[in-house]
Amino acid sequence: MADNDGESTATPWNATVTAATAQWRNATGVAGGLSCHSEIEGVLGTAAFQTLVYLTYTIVFVVSLVGNGLVCHVVMFSAQMHSVTNLFIMNMAVGDLLMTLFCVPFSFVATLLLQYWPFGSDLCHTVSFAQAVAVLVSGLPPQ
């Protein structure tokens with residue numbers, strides 16, 4: 001190994017990160033008072049708009065649960081509805097129910113209400129996995 005007379009030529013990691021952050025701030029205007037995480041202004045920040053978004057999430061959640069639940073109930077308990085097409089439709093309804101249960105409430109609370117993930121690391125991984133499974137289930141053909 002070569003001797004550098006006791007001087008280190010390696011750049012510390014935090015110096016590189018600090019330089020990159022400063023360069024990004026200068027390029028994006030963050031140093032001038034702009035920020036990617038600023039408060040929502042204008043029409044999107046009004047109480048009326050937020051109420052509309054909350055109401056829309058609630059309506060989508062309820063209609064999805066009731067509608068897809070009815071589809072599953074009718075196909076499962078009506079013998080004349082047992083066709084390949086109807087089983088495929090029920091499969092998509094089950095996928096939609098999973099999406100409704102695992103995506104809508106968690107994204108609503110974490111993204112819109114709190115704007116951070118309050119449920120812990122374990123539930124973060126579980127919900128992410130369940131969301132991926134729900135998307136895949138809705139596209140798989142019945143067996």
With a cut-off of 3.5 Å and sequence neighbours excluded, list every side-chain donor-acceptor pair involving residues 62-77.
residue: Ser64; atom: OG; partner: Asn68; partner atom: ND2; Å: 3.2
residue: Ser64; atom: OG; partner: Thr100; partner atom: OG1; Å: 2.4
residue: Asn68; atom: ND2; partner: Ser64; partner atom: O; Å: 3.1

- [ ] Could you tell me which residues satisfy ring-ring contact (aromatic ring centres under 6.0 Å, His included) with Phe61, sequence neighbours excluded, listed by chain and number?
- [x]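 Checked Phe61 against ring-ring contact (aromatic ring centres under 6.0 Å, His included); zero matches.
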
State which residues pass side-chain contact (heavy atoms from CB on, under 4.5 Å) with [X]; sequence neighbours excluded, sorted by chain then number.
X: Phe129; answer: Val133
X: Ala110; answer: Trp117, Pro118
X: Thr56; answer: Leu52, Val60

Distance (rounded to the nearest 0.5 Å) between [X] [atom1] and [Y] [atom2]:
X: Leu97; Y: Phe102; atom1: CG; atom2: CZ; value: 11.0 Å
X: Ile89; Y: Met81; atom1: CD1; atom2: CE; value: 7.5 Å
X: Thr126; Y: Gln131; atom1: OG1; atom2: CD; value: 11.0 Å

Open item on the list: Go through it in stages, so that I can follow the logic: the residues are Leu123 and Phe106, the test is side chain to side chain contact (heavy atoms under 4.5 Å, CB included), and I'd like the CA-CA distance, side-chain angles, deciding distance and then a yes or no.
Closed with: CA-CA 10 Å; Leu123 198 54; Phe106 291 106; 3.9 Å; yes

TODO: Taking the side chain as every heavy atom from C-beta outward, state whether Tyr57 and Pro105 have any pair of such atoms under 4.5 Å apart.
DONE: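 Result no, sub-4.5 Å side-chain heavy-atom pair not found.
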
Open item on the list: Tell me whether Leu55 shares a hydrophobic cluster with Leu113, the cluster being built from Ile, Leu, Val, Met, Phe, Trp, Tyr side chains joined at under 4.5 Å.
Closed with: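 The answer is no; the residues belong to distinct hydrophobic clusters.
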
TODO: List the atom of Val109, the atom of Phe119, and the distance in Å for their closest heavy-atom pair.
DONE: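 Shortest heavy-atom contact: CG1-CZ, 3.7 Å.
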
Task: Residue list, side-chain hydrogen bond (donor to acceptor under 3.5 Å, both in side chains) with Ser83, at least two apart or on another chain - done: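 Here the qualifying residues are Asn86.
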
